[in-house]
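Working notes, beginning with the structure itself.
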4 protein chains.
Amino acid sequence: MAYEIESLNSKKSKKRADLTKAAIKTFAQKGFHRTKISDIAKKAKVADGTVYLYFENKDDLLIKCFEEMLTDLMEKADQRLQAIEDPLEKMLNFIDLHIDYCEKNRDAAKLIIIELRQSPEFYEKYPDFWPIKNYLNYLTKLCKEAIDAGRIREVDPDLLTTIIFGSLDFSITAWLLSKSTIDLKRIRNGVADILHKGLIGDTNNEKND
Amino acid sequence: MAYEIESLNSKKSKKRADLTKAAIKTFAQKGFHRTKISDIAKKAKVADGTVYLYFENKDDLLIKCFEEMLTDLMEKADQRLQAIEDPLEKMLNFIDLHIDYCEKNRDAAKLIIIELRQSPEFYEKYPDFWPIKNYLNYLTKLCKEAIDAGRIREVDPDLLTTIIFGSLDFSITAWLLSKSTIDLKRIRNGVADILHKGLIGDTNNEKND
Amino acid sequence: MAYEIESLNSKKSKKRADLTKAAIKTFAQKGFHRTKISDIAKKAKVADGTVYLYFENKDDLLIKCFEEMLTDLMEKADQRLQAIEDPLEKMLNFIDLHIDYCEKNRDAAKLIIIELRQSPEFYEKYPDFWPIKNYLNYLTKLCKEAIDAGRIREVDPDLLTTIIFGSLDFSITAWLLSKSTIDLKRIRNGVADILHKGLIGDTNNEKND
Amino acid sequence: MAYEIESLNSKKSKKRADLTKAAIKTFAQKGFHRTKISDIAKKAKVADGTVYLYFENKDDLLIKCFEEMLTDLMEKADQRLQAIEDPLEKMLNFIDLHIDYCEKNRDAAKLIIIELRQSPEFYEKYPDFWPIKNYLNYLTKLCKEAIDAGRIREVDPDLLTTIIFGSLDFSITAWLLSKSTIDLKRIRNGVADILHKGLIGDTNNEKND
DNA sequence: AATGAATGAGATTTCATTCAT
DNA sequence: GATGAATGAAATCTCATTCAT
């Protein structure tokens with residue numbers, strides 16, 4: 001009995017996972033508005049109506065895709081950062097992870113980058129829609145720890161989060177639109193370098209501002 | 001005669017301007033997809049069909065809105081930066097201008113920030129769609145000048161552009177979604193500070209990296 | 001099981017047939033351009049969208065109506081002509097059939113006669129659009145057989161087809177426009193007589209018919 | 001003064017003629033429904049609104065095109081047939097004229113052949129719409145004269161008209177759709193031959209019917 | 001008479017969602 | 001749970017016609 005239920009559950013959640021996967025891929029490739037529920041259903045090999053057994057509606061499906069991806073990312077981060085001691089290193093590793101993930105999952109990246117901002121409509125309909133919030137909080141925490149540990153100087157951690165994420169986000173946008181001819185790794189190093197040392201040359205450091 | 005012609009032209013371009021203005025406002029408030037042509041026509045006090053005398057279709061209207069705003073911004077920049085000598089100051093002033101403009105034209109900001117990325121469909125349909133290109137080039141040029149003048153150290157100007165714009169863009173996104181409770185000026189100063197001096201405190205400078 | 005499937009199929013094809021029937025009627029009564037999809041849907045008692053489950057679009061629906069009618073006509077001809085031996089009689093019976101069919105299915109006749117030529121647009125969009133082709137070929141075959149059997153003299157069968165069909169077609173056009181006050185049967189006999197004996201020959205007059 | 005009025009009139013009627021000419025060409029090439037008033041206006045080098053100074057509306061313009069063409073044809077017939085004595089020759093010459101005209105004025109032919117039947121809508125709106133009526137009457141008169149003169153045997157002249165016109169009409173239709181690869185002259189001879197001598201060979205004459 | 005900018009009614013088609021099976 | 005046929009609301013865009021100039 002218990003076995004059966006579990007089997008059913010896993011069967012059920014497999015179908016759910018299939019749907020999310022199919023949705024991420026299709027949303028990323030065609031964009032939210034051009035994606036038909038029937039596209040996703042076909043890719044997941046279920047009937048159209050089945051989608052509505054697992055998700056409330058198309059909006060909900062998109063939101064669940066975001067949650068899925070970002071949760072996934074944060075779990076990966078948990079694993080990878082666990083072994084690292086230095087808070088600054090943790091922060092830099094988080095950045096690497098984000099870039100790696102986007103590089104390897106172009107579809108997911110496209111969703112996070114482009115569709116995330118898609119929808120003033122979403123903000124209207126779901127006033128608290130800002131699926132990236134937890135993810136940003138995660139980064140903010142890392143920033144705080146690095147500051148508290150004295151590994152970076154005292155700056156507003158929220159602001160720092162915004163700058164880091166914004167820089168990465170826009171870099172990746174450019175990368176996506178450039179059809180990936182840009183080297184994301186080089187960008188990552190450049191961003192780290194500039195944020196790290198600032199824009200002023202070492203020798204000029206004392207004289208300016 | 002000349003008067004009459006001019007009068008006709010100006011009447012015509014006034015209607016065009018009215019339509020663009022109405023479109024920017026409506027697109028910003030409801031989002032591109034939820035905006036009906038008839039919404040815009042009503043706001044501009046013309047018949048629906050009239051929109052199509054001035055713009056090819058809804059897509060074209062959105063693109064023309066982008067062009068209008070960004071051209072406007074760059075013209076304003078030209079005026080303001082003319083009087084400034086120091087290239088670094090020019091760059092910082094450009095940032096200020098961007099922030100000021102967004103602060104004063106929330107609708108335009110929303111369009112630039114949110115709808116600009118909206119549309120994988122746009123990228124598919126119009127392969128060269130990236131209306132912000134000229135604007136980014138403008139900023140890159142300022143970066144280059146500041147570097148050449150030795151006012152900031154030798155970094156890749158394209159990368160710097162990406163970081164600056166990405167930081168601002170995401171800050172403004174947060175500001176828009178926070179319903180403007182954040183202080184954009186504070187953010188601007190923070191961004192300038194971090195980019196300027198980097199994340200490493202003076203005292204720590206020797207020890208790290 | 002088999003029953004169920006059949007039931008589904010027949011239910012499906014019944015709806016399709018309903019739609020075609022409704023379309024033929026409406027197209028004939030109002031003309032293609034003045035017919036709205038919603039007119040047809042209403043007459044077939046389905047929702048507008050349902051039409052698009054069975055036909056690609058309005059054009060396709062019209063084409064399918066033609067195919068349906070002409071196939072129907074040729075099947076009827078197959079049945080009726082089977083029992084007839086004499087090739088000339090076959091040909092004459094085919095003519096009768098055509099006239100009978102038009103007389104009994106005024107709507108279908110109207111479509112075949114009037115809407116069939118309606119659409120330079122159709123010829124442009126679908127370069128092979130000439131739905132009556134098979135039907136004319138059918139008649140040509142009968143002509144050939146009558147010639148080969150020596151029942152009518154050696155004339156170009158394609159030309160003969162054109163003359164027969166053209167005569168009938170225009171007679172029926174006149175009949176349709178005259179609101180059916182003309183006697184189609186009398187016309188049929190007249191056509192047969194003239195084609196048969198030609199226009200000359202007072203001297204032959206007495207011997208024949 | 002008189003001069004001025006005449007000049008005005010001719011100027012006016014020139015514009016009218018230009019419009020009709022432009023309309024015939026455009027209707028023939030694109031079909032009635034796909035032709036925009038602005039297409040015609042542009043081709044006639046006048047403003048859209050000007051069309052409405054000469055014609056009531058688009059329907060009226062089409063009707064006037066028919067009238068223009070058919071009147072033209074009948075005038076040409078008057079001239080050509082005047083010199084001919086034999087009523088049968090007159091009839092055959094009329095056929096030739098019709099075919100020549102269509103061959104030389106493909107656009108006009110297309111209009112007469114295809115667009116003439118265009119419009120159940122027309123028959124609904126204008127119950128007496130049958131622009132070809134006078135033209136058919138002309139042919140009927142010729143038929144009658146040939147019969148009365150004993151040049152062809154006693155048949156119903158209306159029916160004969162229908163057969164002749166129907167045969168020609170459908171031949172020309174096929175010719176138009178075949179993109180003119182068919183030889184109209186051969187067709188004309190074939191039609192004349194069959195109508196003339198009938199379908200029954202001399203030798204078979206006695207055996208049949 | 002001539003213009004052509006403006007009008008606005010009108011219809012096809014799409015597709016998220018439902019619900020009977 | 002699963003299906004997929006059916007629904008029907010919704011919105012872009014066209015173009016004949018008008019009318020102020």
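Below, read A as the first sequence line, B as the second, and so on, with proteins coming before strands; counting in each chain starts at 1.
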C:Leu53 CG to E:dA16 P, straight-line distance once rounded to whole Å = 14 Å
Partner set under salt bridge (Lys or Arg N to Asp or Glu O under 4.0 Å) for D:Asp107, not counting sequence neighbours = none
Pair B:Asp60 + B:Lys64: basic N to acidic O under 4.0 Å | yes
Of the listed nucleotides F:dC15, E:dA2, F:dT3, the one nearest the side chain of D:Lys36 = F:dC15
First encountered from the 5' end of DNA chain E, between C:Lys58 and A:Tyr52 | C:Lys58
Give the rounded distance in Å between these two atoms: NZ of C:Lys45 and P of F:dA5.
-> 23 Å
Expressed in angstrom and rounded to an integer, what is the separation of C:Glu56 atom CD from E:dT12 atom P?
-> 16 Å
Measure from CZ on D:Phe32 to C1' on F:dC15 and round the result to the nearest Å.
-> 12 Å
Nucleotide-level pairing of DNA chain E, given in dot-bracket where Watson-Crick and G-U pairs need both distances under 3.5 Å and | marks other strands | .||||||||||||||||||||
Expressed in angstrom and rounded to an integer, what is the separation of B:Asp39 atom CG from F:dA10 atom P?
-> 13 Å
Rounded to whole angstroms, how far apart are NE2 on C:His33 and C1' on F:dT14?
-> 13 Å
Residues D:Asp18 and D:Lys14 bridged, charged N to O under 4.0 Å = yes
Any C:Tyr54 side-chain N or O less than 4.0 Å from OP1/OP2 of F:dA6 | yes
Search all heavy atoms of B:Cys65 against all heavy atoms of B:Leu111 and return the closest pair with its distance.
-> CB-CD1, 4.1 Å
Output yes when a side-chain donor or acceptor of C:Lys58 lies under 3.5 Å from a complementary backbone atom of C:Thr35, and no otherwise.
-> yes
NZ/A:Lys21: more than 12 non-hydrogen atoms of other groups inside 6.0 Å | no
Report yes if a side-chain nitrogen or oxygen of A:Lys15 is closer than 4.0 Å to either non-bridging phosphate oxygen (OP1 or OP2) of F:dG1; otherwise report no.
-> no
Want to settle it: does C:Gly49 or B:Gly49 sit nearer the 5' end of DNA chain E, counting the closest nucleotide to each?
-> B:Gly49
Consider the side chain of C:Ile37, meaning its heavy atoms from C-beta on, and name the nucleotide among E:dT13, F:dA16, F:dG8 that approaches it most closely.
-> E:dT13
Between CD1 on residue A:Ile37 and CG on residue A:Asn57, distance to nearest 0.5 Å = 8.0 Å
Atom-pair distance (CZ on C:Arg16; C1' on F:dA6), nearest Å = 16 Å
Among the nucleotides E:dA2, E:dG4, E:dT7, whichever has the atom closest to the side chain of D:Thr50 is E:dA2
What is the distance from CG of B:Leu61 to C1' of F:dA11, rounded to the nearest Å?
-> 15 Å
Would you mind telling me which residue lines up with the more 5' stretch of DNA chain F, D:Thr35 or C:Asp48, judged by nearest nucleotide?
-> C:Asp48
For B:Val46, answer base if it contacts any base atom (sugar-phosphate contacts may also be present), sugar-phosphate if it contacts only those atoms, and nothing otherwise; contact means non-hydrogen atoms under 4.0 Å.
-> sugar-phosphate
